[in-house]
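Some notes on the structure that comes next.
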Amino acid sequence: MRKFLLSMLFLTLGIAICFGQQRKPEETEVWEPVPPVVTPGPWHQPPSDAVVLFDGKDLNAWESVNGKGQAPWMVMEGYVMVKPGSGSIQTKASFGSCQLHIEWKTPIDTAGLYSQERGNSGVFLQSRYEVQVLDNYRNRTYSNGQAGSIYKQAIPQVNACLPPGDWQTYDIFYNAPQFDGGGKLTKPAYITVVHNGVLVQNHTEIKGNTQYIGDPAYTAHGDAPLQLQDHHNFMAFRNIWIRKIQD
Ligand code: MG
């Protein structure tokens, strides 16, 4: 009996080896399509296929959200500053799924300012979905409204804020939502956010348009501008670039 079992075992092994040998490593190599060559930029600088939205010189790629006139913010040396009360700005171009790099700096003067009052702005993907920009360096606020949150929807995994006056980075990877012909949501938006090199949102599902009051809900849309929020603070931005990506 033992002899029989052993011979069966060797037979099975033999068959497995034979079949294994029929497959070749080349069979699982995929050569087409060939990914296009992209030349990466130096650290944080735009790669060769990026659309540069702000390079420190002018706001030609931007317009006012109110009235669509010239973007009313102040271009300084190498950065742009919110002109509080002038309104939010948006890109003239529209975007869908994208990779976005943006750098921001919150005001040093924090005296008497707490919670949402300190260095508040926001990056609105497709004019609707806000990645909160806020000074949360030793400044507590509601967790789903702090820097790196999807405002009022998703708490960041960690607080990676640098002190006021330091330049901070967001690298955002965003998959736009999809809707059918009747405007019904067929796939929600997903977002990954890296704050100062630290992952804070990991493929987070977006629940709908950002709402200050009430629950988020989707309304059908196509490509739409990127917006930056005027929340009445002297916020600075620089080095803004975007890449269209495949879902
Ligand atoms: Mg905000």
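Whatever order the structure lists ligands and atoms in, that order sets their numbers, starting from 1.
- Side-chain atoms of N120 and Q229, non-hydrogen and from C-beta on, do get closer than 4.5 Å to each other.
- You'll find the side chain of L125 reaches within 4.5 Å of the side chain of C98, heavy atoms only.
- Counting only heavy atoms from C-beta outward, the side chains of Q146 and N159 approach each other to under 4.5 Å.
- Centred on the Mg ion (ligand 1), the angle running from S121 (O) to E130 (OE2) is recorded as 90°, rounding to 10°.
- Put simply, N120 gets within reach of the Mg ion (ligand 1), with an N, O or S atom under 2.8 Å from it.
- Judged by distance alone, the side chain of T192 and the main-chain N or O of H203 form a donor-acceptor pair under 3.5 Å.
- Inclusion of Q229 in the first shell of the Mg ion (ligand 1) is supported: an N, O or S atom falls under 2.8 Å.
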